[in-house]
Asker: 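Just dropping this structure here.
Numbers restart at 1 for each chain; the letters A, B, ... are given by sequence-line order, proteins then strands.
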There are 2 protein chains.
Amino acid sequence: MDFADKLRASGLRPTKQRLRICKTLFDRDKTFHFLVKDLVETLNEKTEDQKISVATVYNTVHAFKKSGYLKQLNIDPNHNYFDTNISHHHHFFDESTKELIDLNNDQVEKIEIKKTLPGKTISSVEILVKVENK
Amino acid sequence: MDFADKLRASGLRPTKQRLRICKTLFDRDKTFHFLVKDLVETLNEKTEDQKISVATVYNTVHAFKKSGYLKQLNIDPNHNYFDTNISHHHHFFDESTKELIDLNNDQVEKIEIKKTLPGKTISSVEILVKVENK
DNA sequence: CTTTCTTTTTAGAATGATTATAAACTATAT
DNA sequence: ATATAGTTTATAATCATTCTAAAAAGAAAG
Ligand SMILES: [Mn+2]
Ligand SMILES: [Mn+2]
Ligand SMILES: [Zn+2]
Ligand SMILES: [Zn+2]
């Protein structure tokens, strides 16, 4: 699916600002974990391009979150990370470097939760593994 | 350990404001998961008592976090929860009621992580189980 | 094309949680 | 008592995020 289709599927027209945001987010080999602040900086560091406003970046990121092309993570109470890897997966958080690393579902033994809550059903199980230098 | 000792162990003198904060936090049967905003409200809802300022509440909560009498959680990117249960444990987050429920370590089968990161050592593994109405 | 209507972008204002500041207050020590 | 140190508080500052409303761009109609 190309960028324009992703945008349309999120209810947004493919404008040049939004396409530049898509390129930064999705034109990558690996998962991209990012903070909105850093994304805005990256988008606006090349002085030859026209600046994209923070409002546009937030609007686009939230539309992608809503449509499922981005996930919002709970890693650090003081930083709001987004993730381009929308498959069900887990994370390592390197406390030394503040780096996030994907941990795929199949790299973790099935998690058996012995406690159940009456009237409730599990919608997701996510693991956060904090690591530091050995 | 009584409240005054907890405060002293956190580098704080047992003043009447701090002791009232302790009572609200620690004088309970069950784990207390809270937001600072709600804690401030609770402390100040009885009109007969003198109001405690937000600065004092934040200072005290952070001192307890630093000394290990409170844990800060990563549950919801938009809300900053603290937890009086400082043992190693996991959480259910009820997306219907926004309620947090403890999931003890012994209620989860040992988590086997097959992926390792060179030069890194695991410092913690935490599970977040999201649930909703059946 | 022009005009008209709709959507988008943007700068800057507003918001809300948290942190910082500095003056007033309280407790302790001499 | 006086001096000193620690504490509380109101309020200001900060920072991420959201809101607003005006300008710009794009699509549709004539
Ligand atoms: Mn959070
Ligand atoms: Mn967060
Ligand atoms: Zn990821
Ligand atoms: Zn807990």
Asker: Measure from CD on B/Glu41 to P on C/dA17 and round the result to the nearest Å.
Answerer: 10 Å
Asker: In whole Å, what is the span from the NZ atom of B/Lys16 to the C1' atom of C/dC25?
Answerer: 10 Å
Asker: What is the separation between atom NZ on A/Lys51 and atom P on D/dA24, rounded to the nearest whole Å?
Answerer: 18 Å
Asker: Which one, C/dT9, C/dT7, D/dT7, comes nearest to the side chain of A/Arg13?
Answerer: C/dT7
Asker: To the nearest Å, give me how far apart CG (A/Asn78) and P (C/dT18) are.
Answerer: 9 Å
Asker: To the nearest 0.5 Å, what is the distance between OG1 (A/Thr116) and CZ (B/Phe92)?
Answerer: 7.5 Å
Asker: Using whole Å, what does the distance between atom P of nucleotide D/dT17 and atom CD of A/Gln72 come to?
Answerer: 9 Å
Asker: What does A/Thr15 touch in the nucleic acid at a heavy-atom separation under 4.0 angstrom: a base, only the sugar-phosphate, or nothing?
Answerer: sugar-phosphate
Asker: Identify which nucleotide among C/dT18, C/dA20, C/dT9 has an atom closest to any side-chain atom of B/Val36, counting heavy atoms from C-beta outward.
Answerer: C/dT18
Asker: Give a yes or no on this: more than 12 heavy atoms of other residues, nucleotides or ligands lie within 6.0 Å of atom NZ of B/Lys114.
Answerer: yes
Asker: Output the rounded distance in Å from CG (B/Asp76) to C1' (D/dT17).
Answerer: 14 Å
Asker: Quick one: which of C/dT19, D/dT8, C/dT10 gets closest to the side chain of B/Tyr58?
Answerer: C/dT19
Asker: Considering only side-chain heavy atoms of B/Ser53, which listed nucleotide, D/dT9, D/dG6, D/dC19, is closest?
Answerer: D/dT9
Asker: Does the side chain of B/Val131 come within less than 4.5 Å of B/Phe93's, by heavy atoms?
Answerer: no
Asker: If you count the non-hydrogen atoms of other residues, nucleotides and ligands that lie under 6.0 Å from NZ in A/Lys51, is the total more than 12?
Answerer: yes
